[in-house]
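Numbers here simply count residues along the sequence, with the first being 1. Just so it is clear, the model here is predicted, and its values are computed rather than measured.
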Amino acid sequence: MPSRARFAAWAVVCFAAAPGQAASGETPGTSQFIELFWALVLLVTFVSVAILWMGIIRRNVRQQTEAIRRSEAALEEHYRELFENAHDIIFTHTLEGQLTSLNSAGEQILGYSRQEAAGMNFAQLVAPGHEDSFREILNRLKEGSPSDHGELEMRAKDGRRVVLRVNWRQQVSGAARVQGIAWDITERHRAEEALLESEQRLRRSQDERVQLGRDLHDGVIQSIYAIGLGLQECRNLLARNPSEAQARLARSISDLNTVIRDVRNFIVGLEPEALRGREFKAALQSLVTTMSQTDAEHFSFDIDAQAAETLNSRQAINLLQIAREAMSNSLRHARAQSTVVSLKGRDGGVRLEVQDDGAGFEPTGSSNRGHGLRNIAARAKELGAHSEILSAPGKGARVLVEIPAHRLHEPA
């Protein structure tokens, strides 16, 4: 008989005999045997339940594991779709810059397939002249920085210029790699450059307009005013000295032709011819003659030809215009009896001084800061020179402009 059958039969006999034995007074050994039997039954029952429970647990774990795998696969597929369908460039590379992945947007924007990119270093995509910026970012990542960002100019496969705004982040697990996402900001960058260029053109246009207004005021307008004074003298001379009036009229016509020539030069963007050395003094004297023949005796000149020779064309023109404005002011406003114009070397530089004994004015008063005085200060600033206007009511005026030595050798 099999062991299980014998054990079952023996158990039945024991159960049947147990009540009689208990009643007749069984021995202690028999009682212990019965207790052991029941303990074995309980143990077998517990083991059976445990085996059944372990089976249930294993089945649940298997089901949960399978569900997790399916979830991870779906999540991986989701992120793969995001990676492939993103409009921004997504890539990974090693800490040495070797590309390990590139999405479809990267292929479209940069022109390289992912197979081509896999054999390239990210630095090879960076435009010449911008490699140092990428190397600095890479070094910071190598030193332990968890992330970094910056703008890089790239060169696409077809040579196009592509500007990217890039964010890098180190992977926290697995192999030492860097994940990156880049936004194509080429159009925005071009718009910013176009705006900056437009602002610069506008600023240059405004500067040229101011310069033109200054030149017209200090040159053409002053000349026209002087010609007007000459014509007024012609009218006064018509009755008593017609021949002199005719000579003055001829001179005024010549001066008007000169003004027309200067206006044409301004229109085509040309400066009046620069005067240097002794020509500078001759130009000043010519200015006086143009202003008023009768008032020429009130002007005197002390021009150092050697100092005038050190001036370049731009400096000579501006100093001549400053002198013209100061002389015109002494004639028109100050009613000066004596005006001295000097140009001399000073501490390696050149100093222009125009001094008169006229009515004078209060230079700090805003009402006295006319267009001409502002032009004097603006021209001096343009030359990098120091300018000063000294005056007081009843004490004449003194205009000082000094070009320092280090400015004299600048190109025109």
Give, for atom [atom1] of [X] and atom [atom2] of [Y], the distance between the pair rounded to the nearest 0.5 Å.
| X | Y | atom1 | atom2 | result |
| --- | --- | --- | --- | --- |
| H386 | I403 | NE2 | CD1 | 13.0 Å |
| L164 | H189 | CG | NE2 | 11.0 Å |
| F361 | L373 | CZ | CG | 5.0 Å |
| D304 | E309 | CG | CD | 10.0 Å |
| S147 | L141 | OG | CG | 8.0 Å |
| T65 | I68 | OG1 | CD1 | 5.5 Å |

Would you call [X]-[Y] a salt bridge at under 4.0 Å N-O?
| X | Y | value |
| --- | --- | --- |
| R140 | D148 | yes |
| E325 | R379 | no |
| R62 | E66 | no |
| R351 | E388 | no |
| R135 | E131 | no |

Does any part of the side chain of [Y], heavy atoms only, come nearer than 4.5 Å to the side chain of [X], both counted from C-beta?
| X | Y | result |
| --- | --- | --- |
| E402 | E353 | no |
| I56 | R59 | yes |
| P393 | E362 | yes |
| W168 | L138 | no |
| R314 | L383 | yes |
| F122 | M154 | yes |
| V178 | Q171 | no |
| L319 | L343 | yes |

Walk me through whether R188 and E151 qualify under salt bridge (charged side-chain N to carboxylate O under 4.0 Å, His left out). CA-CA 12 Å; R188 191 192 78 183; E151 289 187 7; 3.3 Å; yes
Under 3.5 Å, side chain of [X] to main-chain N/O of [Y], donor-acceptor pair present?
| X | Y | value |
| --- | --- | --- |
| N167 | H149 | no |
| D347 | G349 | no |
| S328 | R324 | no |
| R114 | T100 | no |
| E107 | A117 | no |
| Q170 | Q179 | no |
| S391 | G396 | yes |
| E136 | S133 | no |
| E116 | S113 | yes |

Nearest heavy atoms of [X] and [Y], plus distance in Å:
| X | Y | result |
| --- | --- | --- |
| A336 | D356 | CB-CB, 3.6 Å |
| S387 | V401 | CB-CG2, 4.2 Å |
| E153 | H130 | OE1-NE2, 3.5 Å |
| T339 | S330 | OG1-OG, 3.4 Å |
| S243 | N241 | OG-OD1, 3.0 Å |
| K344 | A307 | C-CB, 3.9 Å |

Would L110 and I89 count as a side chain to side chain contact (heavy atoms under 4.5 Å, CB included) here? Give the steps. CA-CA 9 Å; L110 297 176; I89 300 175; 4.3 Å; yes
Report the C-alpha distance between L99 and L125 in whole Å, list the side-chain angles of each, state the deciding distance to 0.1 Å, and finish with yes or no for side chain to side chain contact (heavy atoms under 4.5 Å, CB included). CA-CA 10 Å; L99 283 165; L125 303 176; 3.9 Å; yes
Given side chain to side chain contact (heavy atoms under 4.5 Å, CB included), test F91 with V166 step by step and report yes or no. CA-CA 10 Å; F91 61 91; V166 191; 3.8 Å; yes
Does the pair R161 and E187 meet the rule for a salt bridge (charged side-chain N to carboxylate O under 4.0 Å, His left out), with working shown? CA-CA 11 Å; R161 172 175 172 263; E187 293 303 322; over 6 Å; no
Is it the case that more than 12 heavy atoms not belonging to K381 sit under 6.0 Å from its NZ atom?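 Check fails, neighbour count at 12 or below.
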Within a radius of less than 6.0 Å around CZ of R235, do more than 12 heavy atoms belonging to other residues, nucleotides or ligands occur?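 Count not over threshold, so no.
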Show the numbers, then the answer: is there a side-chain hydrogen bond (donor to acceptor under 3.5 Å, both in side chains) between S101 and N103? CA-CA 7 Å; S101 67; N103 70 341; over 6 Å; no
Please test L152 against F134 for side chain to side chain contact (heavy atoms under 4.5 Å, CB included), starting from the C-alpha separation and ending with a verdict. CA-CA 8 Å; L152 288 177; F134 173 66; 4.2 Å; yes
Given side-chain hydrogen bond (donor to acceptor under 3.5 Å, both in side chains), test Q200 with R203 step by step and report yes or no. CA-CA 5 Å; Q200 291 174 344; R203 189 175 295 110; over 6 Å; no
